[in-house]
Amino acid sequence: MDMKKRIHLELRNRSPSEVRELVLDNCRSDEGKTEGLTPEFVNLEFLSLINVGLTSIANLPKLPKLKKLELSDNRISGNLEVLAEKTPNLTHLSLSGNKLKDLSTLEPLRDLVRLKSLDLFNCEVTTLDDYRDSVFKLLPQISYLDEEDPEDQEGSDSDAEGAGEGGEGDNDDEDEDEDDGDSEKGDEDEVDDEEEDEDGEGEEDFDEEGDDDEDVEVEDEDVSGEDEEEDSGQDGEVDDEDEDDDEEEEDGQKRKRDPEDEDD
């Protein structure tokens with residue numbers, strides 16, 4: 001599929017000004033040039049032209065908001081000065097797999113003052129002695145070369161973006177860490193307060209239970225005392241009744257004896 005037709009399909013009934021990402025990988029360029037790209041893509045931020053047979057980027061339209069440009073696996077050998085003119089806000093550039101042989105071909109990239117990440121994998125220039133050190137000296141504005149920083153530590157796109165914002169990402173991270181620390185302290189204080197409240201409630205419950213137990217014991221003592229009194233009262237009444245019965249029996253015996261005494 002040629003590049004013009006591919007662009008038409010990618011638009012999906014949108015106007016070029018509405019497009020922020022455009023991927024045209026593996027389509028055919030006309031005579032090694034970009035075809036169908038126009039200055040109407042004013043809001044384009046990401047453009048991918050991997051393996052489209054480019055030999056030149058001379059007719060690249062001006063894309064003032066473009067930040068990421070993928071030109072891997074083409075046949076570009078130079079004339080990179082057009083990038084500073086057409087894509088002044090570029091932060092990520094991949095030229096991997098192109099025909100770049102000398103450091104001098106990279107010199108125009110100095111004018112891309114916002115450039116932070118550059119990929120040159122599989123380019124002949126990478127075989128030069130002290131290649132990495134030389135490129136970092138030539139382009140002091142970049143933070144990552146072939147996805148690694150000057151200390152050969154791997155980075156990511158997000159790292160490069162943070163560096164491209166002048167370190168604002170680092171400051172934001174520090175602020176977030178401080179905020180997280182404050183919130184964690186606040187959470188710990190709240191947890192401590194809750195635990196203290198729970199302990200206090202537990203002690204109050206324990207005290208109330210203790211008081212209830214004491215009240216129950218007192219009531220039990222009162223009840224047992226009343227039972228004893230009732231038992232003693234009943235015992236007293238029974239004893240009185242027994243004494244009355246004994247007295248009545250004695251009186252009866254006396255009455256029986258008295259007539260006998262009269263006969264005598």
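Quantities reported herein were computed from a predicted structural model and do not represent experimental measurements. Values reported hereafter were calculated over all heavy atoms of this structure, with side chains retained and with hydrogens, waters and symmetry mates removed.
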Check for a donor-acceptor pair, side chain of Asp102 on one end and backbone N or O of Thr105 on the other, with a separation under 3.5 Å. no
Can you find a heavy atom in the side chain of Tyr131 that is under 4.5 Å from one in the side chain of Leu145? yes
CG of Leu120 to CG of Leu103: how many Å apart, nearest 0.5 Å? 9.5 Å
If hydrophobic clusters are built by linking Ile, Leu, Val, Met, Phe, Trp and Tyr wherever their side-chain heavy atoms come under 4.5 Å apart, do Val82 and Met3 end up in the same one? yes
Please answer whether the main-chain N or O of Leu100 pairs with a side-chain N or O of Asn98 as donor and acceptor at a distance below 3.5 Å. no
Compile the donor-acceptor pairs under 3.5 Å between side chains in residues 122-130 and protein atoms, sequence neighbours left out, one pair per line.
residue: Thr126; atom: OG1; partner: Cys123; partner atom: O; Å: 2.6
residue: Thr127; atom: OG1; partner: Glu124; partner atom: O; Å: 2.6

Any luck finding a side-chain donor-acceptor pair between Asn26 and Asn51 under 3.5 Å? yes
Please answer: with hydrophobic residues joined when any side-chain heavy atoms are less than 4.5 Å apart, are Phe136 and Leu115 in the same cluster? yes
Less than 4.5 Å apart, any side-chain heavy atom of Thr55 and any of Asn74? no
Going by heavy atoms in the side chains, are Ile142 and Val135 under 4.5 Å from each other? yes
Report, one line per pair, each donor and acceptor closer than 3.5 Å where one atom sits in a side chain of residues 57-65; sequence neighbours left out.
residue: Asn59; atom: OD1; partner: Thr34; partner atom: N; Å: 3.4
residue: Asn59; atom: OD1; partner: Thr34; partner atom: OG1; Å: 3.0
residue: Asn59; atom: ND2; partner: Thr34; partner atom: O; Å: 2.6
residue: Lys65; atom: NZ; partner: Asn43; partner atom: OD1; Å: 3.0

Which value, rounded to the nearest 0.5 Å, describes the distance between Leu95 atom CG and Leu106 atom CG? 8.0 Å
I'd like to know if the side chain of Thr91 and the backbone of Lys67 have a donor-acceptor N/O pair within less than 3.5 Å. yes
Counting C-beta onward and ignoring hydrogens, is there a side-chain heavy-atom pair between Leu138 and Arg110 closer than 4.5 Å? yes
Within the supplied structure, the quantity of interest is the number of heavy atoms (other residues, nucleotides, ligands) at a distance under 6.0 Å from Glu40 CD; does it exceed 12? no
Identify whether the distance between the nearest side-chain nitrogen and carboxylate oxygen of Asp152 and Arg132 falls below 4.0 Å. yes
Salt bridge or not between Glu10 and Arg12? Use side-chain N to carboxylate O under 4.0 Å. yes
List the atom pairs, with distances to 0.1 Å, where a side-chain N or O of residues 17-25 and a protein N or O form a donor-acceptor pair under 3.5 Å, not counting sequence neighbours.
residue: Ser17; atom: OG; partner: Ser15; partner atom: OG; Å: 3.2
residue: Glu18; atom: OE1; partner: Ser15; partner atom: N; Å: 2.9
residue: Glu18; atom: OE1; partner: Ser15; partner atom: OG; Å: 3.2
residue: Asp25; atom: OD1; partner: Ser48; partner atom: OG; Å: 2.6
residue: Asp25; atom: OD1; partner: Ile50; partner atom: N; Å: 3.1
residue: Asp25; atom: OD2; partner: Ser48; partner atom: OG; Å: 3.4

If you define the side chain from C-beta out and look only at heavy atoms, does anything of Leu47 sit under 4.5 Å from Lys68? no
Quick one: pull up CD1 in Ile76 and CG in Leu80 and give me the separation to the nearest 0.5 Å. 7.5 Å
Enter the distance from Glu35:CD to Leu54:CG here, rounded to the nearest 0.5 Å. 10.5 Å
Show, in sequence, the C-alpha distance, side-chain angles and deciding distance for Leu118 and Tyr144, and conclude whether the side-chain contact (heavy atoms from CB on, under 4.5 Å) test is met. CA-CA 6 Å; Leu118 175 64; Tyr144 296 94; over 6 Å; no
For residues Leu139 and Leu71: do they belong to one hydrophobic cluster (side chain heavy atoms under 4.5 Å, members Ile, Leu, Val, Met, Phe, Trp, Tyr)? yes
Tell me if the NZ atom of Lys86 is crowded by more than 12 foreign heavy atoms within 6.0 Å. yes
From Ser117 atom OG to His92 atom NE2, the distance as rounded to the nearest 0.5 Å: 4.5 Å
Going through the checks in order, is the side-chain contact (heavy atoms from CB on, under 4.5 Å) test met by Asp73 and Phe121? CA-CA 10 Å; Asp73 300 328; Phe121 291 112; over 6 Å; no
Side chain to side chain contact (heavy atoms under 4.5 Å, CB included) test vs Leu90 passes for just one of Leu109, Leu66, Val113, namely Leu66
same_hphob_cluster(Phe46, Leu112) at 4.5 Å side-chain heavy-atom cutoff: no
Would you give the length of the straight line joining atom CD1 of Ile7 to atom SG of Cys27, rounded to the nearest 0.5 angstrom? 7.0 Å
